[in-house]
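Here the structure comes first, spelled out in structure tokens, and everything after it is commentary.
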Amino acid sequence: MLKALAQFQLTLVSANSIYDKVKSGTENFTEKEQKGYELFKRNCNSCHQEPLFSSYKFANNGLPKDSYLKDIGRMGVTQRKEDNLMFKIPSLRNLSYSYPYMHDGRFTRLSQVIDHYTKGIQSNSKVSKELAKKIVLSDNDKVDLIAFLLTLNDREFVKNSDFQFPKEILQQPEGK
Ligand code: HEC
């Protein structure tokens, strides 16, 4: 069973986004997307590294502590103090299908995420050094950055019926 699961996971490769097509030379970014890509490389790529858009490390991106869940991040697993409030850097592929965002789903829109990075970061000793310098983006920059992030969607992957819950199971009449 576990082996079958691992084999299935290996088939889950999302590589048909506009970003991938630009990288393979079959499509071009629009001007907005290209500008957004430059902004991304300058401000975000240190943690959300291409081409998977994650370094799969743990970091603190300055979210104000959530007083309800009180999630302590990786420390909950390792019990090590240095892992307090460290969260896994998630991939940014298929963001249109993976909201709400952050470990506690506090943001429903990408514009809220961008606003967090420009004016919501709470400086404390845990915030990762990549975010020590304030990120400044104009309104146009924000639109461009989101336009770029949307090029990481892979609709063909998300809609692939091989990866969906088989609906027939639900449609079978009682007792069959
Ligand atoms: C210090 C490393 C770091 C940098 C730099 C960084 N992020 Fe993040 N990002 C994180 C971490 C860690 C999380 C997960 C936090 C959590 O789960 O609460 C995250 C989460 C996100 C999410 C939510 C993804 C999801 O599925 O929930 C988005 C979107 C995002 N970042 C976009 C960006 C953008 C855009 C930039 C640049 C403006 C950026 N990040 C810069 C570390 C970073």
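First listed ligand is number 1; within each ligand, the first listed atom is number 1. Numbers here are sequence positions counted from 1.
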> Which heavy-atom pair separates Ile89 from Cys47 by the least distance, and what is that distance?
Replying inline: CG2-O, 3.5 Å
>> Could you report the tightest heavy-atom contact between Lys65 and Gln122, atom names first, then the distance?
In response: N-OE1, 4.4 Å
Which atoms of ligand 1 are found less than 4.0 Å from any heavy atom of [X]?
| X | value |
| --- | --- |
| Lys88 | 14 (C) |
| Leu63 | 18 (O) |
| Asn43 | 5 (C), 37 (C) |
| Ser46 | 5 (C) |

> Nearest heavy atom to atom 29 (C) of ligand 1: which of Leu145, Ile121, Val113 does it belong to?
Replying inline: Val113
> Who gets closest to atom 27 (O) of ligand 1 by heavy atom: Met102, Gln112, Lys142?
Replying inline: Met102
Would you say the ring centers of [X] and [Y] fall short of 6.0 Å from each other?
| X | Y | answer |
| --- | --- | --- |
| His103 | Phe87 | yes |
| Tyr99 | Phe107 | no |
| Phe40 | Phe53 | yes |

Polar atom proximity, [X] to ligand 1 (N or O, under 3.5 Å):
| X | answer |
| --- | --- |
| Ile135 | no |
| His103 | yes |
| His48 | yes |

Counting non-hydrogen protein atoms only, what is the nearest one to [atom]? Give residue, atom name and distance.
| atom | value |
| --- | --- |
| atom 14 (C) of ligand 1 | Pro90 CD, 3.4 Å |
| atom 1 (C) of ligand 1 | Cys47 SG, 2.8 Å |
| atom 25 (C) of ligand 1 | Tyr101 CD2, 3.8 Å |

> After noting the C-alpha distance and the side-chain angles of Tyr117 and Asn61, does the key distance pass the side chain to side chain donor-acceptor pair (under 3.5 Å) rule?
Replying inline: CA-CA 8 Å; Tyr117 281 108; Asn61 63 344; 3.0 Å; yes
>> Any heavy atom of Met86 closer to ligand 1 than 4.0 angstrom?
In response: no
Below a 4.0 angstrom heavy-atom separation, can you tell me which part of [X], side chain or backbone, both or neither, approaches ligand 1?
| X | answer |
| --- | --- |
| Cys44 | both |
| Asp104 | neither |
| Leu92 | side chain |

> Is atom 8 (Fe) of ligand 1 under 2.8 Å from any N, O or S atom of Tyr117?
Replying inline: yes
> Can you list the steps and then say if Asp83 with Thr78 is a side chain to side chain donor-acceptor pair (under 3.5 Å)?
Replying inline: CA-CA 7 Å; Asp83 290 335; Thr78 63; 2.6 Å; yes
>> Within the 3.5 Å criterion, strictly below it, is a donor on Gln34 or Thr30 matched to an acceptor on the partner's side chain?
In response: no
> Can Lys142 and Asp115 be counted as an ion pair, charged N to O under 4.0 angstrom?
Replying inline: yes
>> Applying salt bridge (Lys or Arg N to Asp or Glu O under 4.0 Å) to Glu38 and Arg42, what does each step give before you reach the verdict?
In response: CA-CA 6 Å; Glu38 303 301 326; Arg42 206 170 315 138; 5.5 Å; no
>> Can you tell me how far apart OG (Ser55) and NZ (Lys88) are? Round to the nearest 0.5 Å.
In response: 10.0 Å
